[in-house]
Amino acid sequence: MIEVKNLTKIYGGGVKAVDNISFRIEPGKIYGFLGPNGAGKSTTMNIMTGYLAATSGTVTINGYDIYRDAKKAKSCIGYLPEQPPLYMELTPKEYLEICAGLKKVPKDKRAMEVAGVIKRTGLTKVQDRLIRSLSKGYKQRVGLAQALLGSPEIIILDEPTVGLDPIQIIEIRDLIKSLKKDHTVILSSHILTEVDEICDSIIIINKGKLVAEDTTKNLGSSDGKELLVLTVRGKKEAVRSVILKTVGEKVGLAFSNSSESDCIDVRIEYTAGRDIREDLSYAFAVERIPVLGMRKETVSLEEVFIEYTANDKSGEKPADIYEYEKAENPVLNGGDGEGKQ
């Protein structure tokens, strides 16, 4: 487990890269660590691994302070920085043997340990080739193998798939997923689909501050809202009218052109806890407006990320993830259903 308390890092000139953040990393999960460029992600990760000193605050790894009990704390961590520290004139096997020594793996266990991480990271065929001759994907595997040496409980990965081709990305993602069986993983990535696919929980920081921390499921719940997307063959005004009369509450509507001929797609945001699909189906049938498709959706991680990081100078979040029309039910409120906010 990692516990970060009131962590702050101020660089020269008074630049506050990390601003009094606190969070816990529980064992047996994969965490996504997100934030825009300059948010303080890499600074936080470098402090967590003991590579950088904090201005104030504490980091404990399995109960060991990262500074006062540095050796014990660091023995619990395997770290893959964005640029793996590789020795290009060595082979993967030679490099990993040196790293095993630096990590204090007992001499009588080093050969077995190196062979194990080579097999696990798919390096067997290239273990005796010079690292400089390897592809970007294999170099990342060598860096990941280094992080796995000594079987640390916590693996921290900074942009592990950056610069890889699609096939290599899939292979590294599958490898990271497999780590969950034996390790707690912290993954920093700008590829949000990757984080959404791999991670159990998300931590988002922006301008040095912690702005969100929850499971991927809860972050995608849209604050107690549900999303329904319809593909309808009809006029926008008629479709809006049916929805407003049927749902009977304040709803968010977003219209767009559909890939279906002469159709529109409408995205409906409404209060969670009820299923409006059957009522809408009957209502559109009464008005003889064909519904060609209807599906429930969750808020994507990309939309959640934008919500928490697209702040103005005051630091306030946008009111909504989407540019929704906010229209109240005309029956309930005596209006015409055309109001916006």
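Residues take their numbers from the sequence shown, with the count starting at 1.
Within a 6.0 Å sphere centred on NZ of Lys71, other residues, nucleotides and ligands contribute 12 heavy atoms or fewer. More than 12 heavy atoms of other residues, nucleotides or ligands lie within 6.0 Å of NZ in Lys177, so this atom counts as buried by the packing criterion. Surrounding CD of Glu302 are at most 12 heavy atoms belonging to other residues, nucleotides or ligands under 6.0 Å away. Counting non-hydrogen atoms of other residues, nucleotides and ligands closer than 6.0 Å to CD1 of Ile167 gives a total of 12 or fewer.
Proximity of a side-chain donor or acceptor of Lys41 to a complementary backbone N or O of Gly35 within less than 3.5 Å is detected. Here the side chain of Glu159 pairs a donor or acceptor atom with the backbone of His190 at under 3.5 angstrom. Glu3 places no side-chain N or O within 3.5 Å of a backbone atom of Arg24 that could act as its donor or acceptor partner. Of the possible donor and acceptor atoms, none in the side chain of Lys93 sits under 3.5 Å from a partner among the backbone N and O of Ile118. With Ser241 contributing its side chain and Glu237 its backbone, the two residues share no donor-acceptor pair below 3.5 Å. Remark: side-chain polar atoms of Thr55 are paired, donor with acceptor, to backbone N or O of Ile10 under 3.5 angstrom. Counting only distance, with no hydrogens or angles, the side chain of Thr246 and the backbone of Ile243 share no donor-acceptor pair below 3.5 Å. A donor-acceptor pair is defined here as one N or O able to donate and one able to accept, closer than 3.5 Å; no such pair exists between the side chain of Arg129 and the backbone of Pro92. Side-chain atoms of His183 never come within 3.5 Å of backbone atoms of Gly28 as a donor-acceptor pair (strictly under, hydrogens ignored). Between the Arg233 side chain and the Ile264 main chain, no donor and acceptor come within less than 3.5 Å of each other.
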Criterion side-chain contact (heavy atoms from CB on, under 4.5 Å) on Leu130 and Leu90, from CA distance to verdict | CA-CA 5 Å; Leu130 291 179; Leu90 299 178; 5.9 Å; no
Quick one: do Leu80 and Asp158 satisfy side-chain contact (heavy atoms from CB on, under 4.5 Å)? Show the steps, please.
-> CA-CA 6 Å; Leu80 173 64; Asp158 193 359; over 6 Å; no
Does the pair Asp128 and Thr91 meet the rule for a side-chain hydrogen bond (donor to acceptor under 3.5 Å, both in side chains), with working shown?
-> CA-CA 5 Å; Asp128 295 316; Thr91 67; 4.8 Å; no
Apply side-chain hydrogen bond (donor to acceptor under 3.5 Å, both in side chains) to the pair Asn206 and Thr309, showing each step before the final yes or no.
-> CA-CA 6 Å; Asn206 188 37; Thr309 61; 5.4 Å; no
Could you please spell out the steps behind the side-chain contact (heavy atoms from CB on, under 4.5 Å) verdict for Cys263 and Val232?
-> CA-CA 5 Å; Cys263 291; Val232 184; over 6 Å; no
Run the numbers on Leu210 and Ile203 for side-chain contact (heavy atoms from CB on, under 4.5 Å), then give the verdict.
-> CA-CA 8 Å; Leu210 180 70; Ile203 296 170; 3.4 Å; yes
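Rounded to the nearest 0.5 angstrom, Tyr87 OH and Ile131 CD1 are separated by 10.5 Å. From Leu149, atom CG reaches atom CG of Leu96 across 5.5 Å, with rounding to the nearest 0.5 Å. Atom CD of Glu94 and atom CD of Gln127 lie 10.5 Å apart (nearest 0.5 Å). In this structure, the separation between CD on Glu278 and CE on Met294 is 10.0 Å, given to the nearest 0.5 Å. Atom CD1 of Ile30 and atom CG of Leu179 lie 7.0 Å apart (nearest 0.5 Å). We find the CG-CG distance between Asp265 and Asn257 to be 8.5 Å, quoted to the nearest 0.5 Å.
Residues forming a salt bridge (Lys or Arg N to Asp or Glu O under 4.0 Å) with Glu89 (at least two apart in sequence, or on another chain): Arg132. Under the side-chain hydrogen bond (donor to acceptor under 3.5 Å, both in side chains) criterion, Asp275 pairs with Arg277, not counting sequence neighbours. With sequence neighbours left out, the side-chain hydrogen bond (donor to acceptor under 3.5 Å, both in side chains) criterion links Glu171 to Arg141. With sequence neighbours excluded, the residues forming a ring-ring contact (aromatic ring centres under 6.0 Å, His included) with Tyr51 are Tyr79, listed by chain and number.
Side-chain contact between Leu253 and Arg240: present, with at least one pair of heavy atoms (C-beta onward) separated by less than 4.5 Å. When side chains are defined from C-beta on, Ile66 counts as touching Lys74, because their heavy atoms get closer than 4.5 Å. The shortest distance between side-chain heavy atoms of Val291 and Leu280 does not fall below 4.5 Å. With a 4.5 Å cut-off on side-chain heavy atoms, Ile202 and Tyr31 do not count as touching. Put simply, the side chain of Met48 reaches to within 4.5 Å of the side chain of Ile186, judged on heavy atoms. Leu228 has its side chain within reach of Ile276: a pair of non-hydrogen atoms, C-beta onward, lies under 4.5 Å apart. In this structure, Phe33 and Ile156 have side chains that are not in contact, with every pair of non-hydrogen atoms separated by 4.5 Å or more. Two residues are said to be in side-chain contact when any heavy atoms from C-beta on lie closer than 4.5 Å; Pro160 and Ile176 meet this criterion.
Across every non-hydrogen atom of Gln140 and Leu164, the tightest pair is CG-CD2, 3.8 Å. Residue Gly101 comes nearest to Arg110 through the heavy atom pair CA-CZ, 3.6 Å, listed as atom of the first residue, atom of the second, then distance. In terms of heavy-atom proximity, Ser75 sits nearest to Pro152 at O-CB, 4.1 Å. In terms of heavy-atom proximity, Met1 sits nearest to Pro27 at CB-CD, 4.4 Å. Across all non-hydrogen atoms, the minimal contact from Ala145 to Thr121 is CB-OG1, 3.7 Å. Nearest heavy atom pair, residue Gly143 against residue Pro84, reads CA-CB, 4.2 Å.
Residues in residues 60-69 take part in these side-chain hydrogen bond (donor to acceptor under 3.5 Å, both in side chains) pairs, two or more places apart or across chains: Asn62-Glu153. Residue pairs that meet the side-chain hydrogen bond (donor to acceptor under 3.5 Å, both in side chains) test with at least one member in residues 5-22, sequence neighbours left out, are Asn6-Asn20, Tyr11-Thr43, Asp19-Lys209.
Taking a cutoff of 4.0 Å between a charged side-chain nitrogen and a carboxylate oxygen, Glu226 and Arg274 do not qualify as a salt bridge. Between Arg267 and Glu269 there is no salt bridge, since none of the side-chain N atoms of the basic residue sits less than 4.0 Å from a carboxylate O of the acidic one.
Note: the hydrophobic cluster containing Val185 also contains Leu144 (ILVMFWY, side chain heavy atoms under 4.5 Å, direct or indirect links). Residues Tyr138 and Ile170 do not share a hydrophobic cluster, defined by chaining ILVMFWY side chains whose heavy atoms lie under 4.5 Å apart. Linking Ile, Leu, Val, Met, Phe, Trp and Tyr whenever their side-chain heavy atoms come within less than 4.5 Å leaves Ile21 and Leu34 in two separate clusters. Ile77 and Leu148 fall into different hydrophobic clusters, where Ile, Leu, Val, Met, Phe, Trp and Tyr are joined by side-chain heavy atoms under 4.5 Å apart, directly or via other members. Both Ile169 and Ile155 belong to a single network of hydrophobic side chains, linked directly or stepwise wherever heavy atoms of I, L, V, M, F, W or Y lie under 4.5 Å apart.
Between the side chains of Glu194 and Ser189, at least one donor N or O sits under 3.5 Å from an acceptor N or O.
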